[in-house]
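Report on the structure given below.
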Amino acid sequence: MGEQFAGFVLAPRVSKLQELVDMGLALAYRMRRRPVVSASARLSLGQEMGAVFGTWTIRTWLDATERVLREAQEQGELLPQVDVAESAWVFSAAWTGVQVYSHTLSGREDLEERVCALFEHLLPSVAVPAVLGRLVIDPARAAEVAAEG
């Protein structure tokens with residue numbers, strides 16, 4: 001289970017929302033190319049697996065998402081009404097749904113594209129327009145970002 005996040009360290013970004021996008025893209029890239037990461041994700045998501053393995057992988061992803069969103073809020077990248085904890089939950093749950101659907105429908109062949117679509121749909125509800133316009137949300141970025149970690 002620890003392999004899902006092992007070696008998963010990205011350099012901090014000036015834009016914390018770009019950092020959030022890059023985290024999602026890097027994990028998507030790793031899931032498609034590292035069987036241990038893929039298997040760990042599947043194990044951590046099984047409903048009965050929480051009783052066996054605990055919920056630390058989900059908590060780790062939620063906490064990382066909330067941390068980055070809180071930093072984005074502190075830098076003025078988020079709209080004033082954004083509830084960081086609630087947004088972290090929604091982003092994390094939606095990301096999980098995207099990867100489960102992608103796995104089921106295409107063997108994750110479209111995962112990077114689907115993750116980009118997720119960010120393109122959700123980020124306008126939390127990001128200040130000026131920041132949103134500067135974000136790079138592109139499936140090709142996944143390989144570049146994953147090479148960093």
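Hydrogens, waters and symmetry mates play no part in the numbers below; they use all other heavy atoms, side chains included.
- The backbone N or O of Ser106 sits nowhere less than 3.5 Å from a side-chain atom of Arg108 that would complete a donor-acceptor pair.
- Put simply, the side chain of Ser125 gets close to the backbone of Leu122: a donor and an acceptor are under 3.5 Å apart.
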* Could you check Arg114 against Tyr101 for side chain to side chain contact (heavy atoms under 4.5 Å, CB included), going step by step and ending with a plain yes or no? => CA-CA 9 Å; Arg114 297 299 182 181; Tyr101 275 27; over 6 Å; no
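- Between the CD atom of Glu148 and the CG atom of Asp22 there is a distance of 7.0 Å, given to the nearest 0.5 Å.
- Val136 and Val128 end up in different hydrophobic clusters when Ile, Leu, Val, Met, Phe, Trp and Tyr side chains are linked at under 4.5 Å.
- With contacts defined as side-chain heavy-atom distances shorter than 4.5 Å, the pair Leu123/Ile137 qualifies.
- A salt bridge links Arg32 and Glu109; the closest N-O separation between the charged side-chain nitrogens and carboxylate oxygens is under 4.0 Å.
- The two residues Cys116 and Pro139 come nearest to each other via the heavy atoms SG-N, 3.3 Å.
- Under the 4.5 Å side-chain heavy-atom criterion for grouping Ile, Leu, Val, Met, Phe, Trp and Tyr, Leu10 is connected to Leu20 within one hydrophobic cluster.
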* Criterion salt bridge (charged side-chain N to carboxylate O under 4.0 Å, His left out) on Arg70 and Glu66, from CA distance to verdict -> CA-CA 6 Å; Arg70 190 155 316 283; Glu66 185 171 344; 2.8 Å; yes
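- No salt bridge links Arg141 with Glu113; every basic N to acidic carboxylate O contact stays at or beyond 4.0 Å.
- With Ser102 contributing its side chain and Val98 its backbone, the two residues share no donor-acceptor pair below 3.5 Å.
- Formation of a donor-acceptor pair under 3.5 Å by the Gln18 side chain with backbone atoms of Leu135 is not found in this model.
- Judged by distance alone, with hydrogens and angles left aside, the side-chain atoms of His121 form a donor-acceptor pair with the main-chain N or O of Ala117 at under 3.5 Å.
- Atom CG of Leu132 is separated from atom CD of Glu120 by 9.5 Å, given to the nearest 0.5 angstrom.
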* side chain to side chain contact (heavy atoms under 4.5 Å, CB included) between Leu27 and Trp61: does it pass, once the steps are laid out? -> CA-CA 11 Å; Leu27 188 53; Trp61 190 245; 3.7 Å; yes
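- Pairing each heavy atom of Glu19 with each of Pro12, the nearest pair is OE1-CA, 3.5 Å.
- The shortest side-chain heavy-atom distance between Leu17 and Leu78 falls under the 4.5 Å cut-off.
- Residues Pro129 and Leu79 form a side-chain contact, since some pair of their non-hydrogen atoms from C-beta on lies under 4.5 Å apart.
- Residue Thr65 forms a side-chain contact (heavy atoms from CB on, under 4.5 Å) with just one option from Asp63, Leu69, Leu62, and that option is Leu69.
- Annotation: the span from Phe119 atom CZ to Trp95 atom CH2 amounts to 8.5 Å, rounded to 0.5 Å.
- Asp83 CG to Gln73 CD: the interatomic distance, rounded to the nearest 0.5 Å, is 8.5 Å.
- Inter-residue side-chain proximity for Ser15 and Arg134 is flagged as unmet; no heavy-atom pair is nearer than 4.5 Å.
- Heavy-atom minimum distance, Tyr29 versus Ala146: CD2-CB, 3.2 Å.
- A donor-acceptor pair under 3.5 Å links the side-chain atoms of Glu77 to the main chain of Lys16, judged by distance alone.
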